[in-house]
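Single-structure report; data block below.
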There are 2 protein chains.
Amino acid sequence: MIETENPSSIRLDSIDINIIRQLQNNAKITNKDLASQLELTTTPIYERVKRLEKLKVIETYVALINPVKVGKGLMALCMVRLEKHTKEKLAAFEKHVANIPEVVECYHLAGQYDYHLKILVRDMNAFQHFIVNKLSTNENLANVQSSFVMSRITDTTAVPLTEES
Amino acid sequence: MIETENPSSIRLDSIDINIIRQLQNNAKITNKDLASQLELTTTPIYERVKRLEKLKVIETYVALINPVKVGKGLMALCMVRLEKHTKEKLAAFEKHVANIPEVVECYHLAGQYDYHLKILVRDMNAFQHFIVNKLSTNENLANVQSSFVMSRITDTTAVPLTEES
DNA sequence: ACTGAAAAACCCGCATT
DNA sequence: AATGCGGGTTTTTCAGT
């Protein structure tokens, strides 16, 4: 069995893990509240958070928006296959996709498909426009298999944390 | 053509859109900075943000964590098909999946598959454990088609905003 | 690596227009 | 709906352990 050690070699103790756990759920929690939960004062909390930010364990803090309330009620998932897989063709496709604002996720895959895309649009009409006028203008595209999200059972930005970090 | 009006009927002007745009990128921006960018004082910014929170346009504020740096270096996408689609069987599967911490996304789909799952684990070994001991313990599962993320071209939590909101 | 305290910056309500 | 001010919190720094 291959051991997969944390490649970035960042030592996180249980206090760090707890801080991350809290901030993943609510970035607005105060150092004071964190401190009282962890039975510390604000200074070590402050310094630990700054350290996690500096190490890029914490990448950013963001507001999460309800897409329905800003007129983006349709989420689609597209599994994409390309014709050719040369380095240049892959890079060209990635550049193409990176410039389409409707695409909120684009992952290069190992498996049956080449790319997974997550699309946020107003409605099916806007989706058709995306497919016809935006995605399929890339010459190397072979085929796209789309699915539409009816309901979200789980949808979290929080990375599941175990004590082995 | 069917007109799809914003179903929640929330009127957002360009100042609101700009506030949301900023907060989607950086939740830590101060009202003061937002105010100077939008050429206002802090009070209207404060009141608009509070309104957006109250209307649940802004759902929460979260810290985004680099999964690699906390030992979750493997992301997998699973397309799931179930045997039976009765209301009870679907609800049972959803409840099952909602209790697996490795599952950060579970969407019920219209299309060729029933569910899309996004999985975050340490490595392939942990993924196998997830499949064998966690996911496939649901009796109604027919088959799972897994893909593995090699690279992320785009990966944002920001909803693309147009002026028609 | 932590405590405790103090300085600086910001949040948030209020009076006003 | 906006401005401007002021009290209360929070963030951030610092001396001491």
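Everything numeric in this text was worked out from a predicted model, so none of it was measured. Quick note on labels: first sequence line is chain A, next is B, and so on, each numbered from 1.
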Heavy-atom nearest nucleotide on DNA chain D for A:T30 versus B:T41: which residue maps closer to 5'? B:T41
Of the candidate nucleotides D:dT12, C:dG13, C:dT3, which contains the atom at the shortest distance from the side chain of A:T43? C:dT3
Please tell me whether A:Y113 and B:M150 are part of a single hydrophobic cluster in this structure, the criterion being side-chain heavy atoms less than 4.5 Å apart. no
Rounded to whole Å, please give me the gap between CD1 in A:I45 and P in C:dT3. 9 Å
Nucleotide C:dC11, atom P - distance to CG of B:L23 in whole Å: 11 Å
Does a sphere of radius 6.0 Å around CD in A:E139 hold more than 12 heavy atoms from other residues, nucleotides or ligands, not counting ones at 6.0 Å or beyond? no
Base, sugar-phosphate alone, or nothing: which one does A:R48 contact when heavy atoms must sit under 4.0 Å apart? sugar-phosphate
I want to confirm an ordering. Mapping A:K32 and A:E47 to their closest nucleotides on DNA chain D, which one lands closer to the 5' end? A:K32
In whole angstrom, give the distance that lies between atom CG of B:L40 and atom C1' of D:dA1. 10 Å
Can you give me the closest heavy-atom contact between B:R51 and B:I10, atom names plus distance? NH2-CG2, 4.3 Å
Side chain to side chain contact (heavy atoms under 4.5 Å, CB included) evaluation trace for A:S147 with B:M79: CA-CA 10 Å; A:S147 304; B:M79 299 301 258; 4.0 Å; yes
Within the 3.5 Å criterion, strictly below it, is a donor on B:H85 or B:D114 matched to an acceptor on the partner's side chain? yes
If you measure from CG on A:L77 to NE2 on A:H116, what distance do you get to the nearest 0.5 Å? 5.5 Å
Distance, rounded to the nearest Å, where B:K50 contributes NZ and C:dC14 contributes C1': 17 Å
Taking atom types as modelled and ignoring hydrogens, do the side chains of A:D155 and B:Y107 form a donor-acceptor contact shorter than 3.5 angstrom? yes
Let me have DNA chain C in dot-bracket notation, would you? Count Watson-Crick plus G-U wobble pairs, both distances under 3.5 Å, and use [ ] for pairs crossing earlier ones and | for inter-strand partners. ||||||.||||||||||
note: B:Y61, atom OH; C:dC11, atom C1'; distance rounded to Å ~ 13 Å
Selected nucleotide, minimal atom distance to B:N31 side chain, candidates C:dC11, C:dC12, D:dA2: C:dC11
From CG of A:L38 over to C1' of C:dA1, roughly how many Å is that when rounded to an integer? 15 Å
Whole-Å distance, B:L34 CG to C:dC10 P, equals 12 Å
Just how far, in rounded Å, is P of D:dT9 from NZ of A:K28? 18 Å
Closest approach to the side chain of A:P44, judged atom by atom: which nucleotide of C:dT3, D:dT13, D:dA2 is it? C:dT3
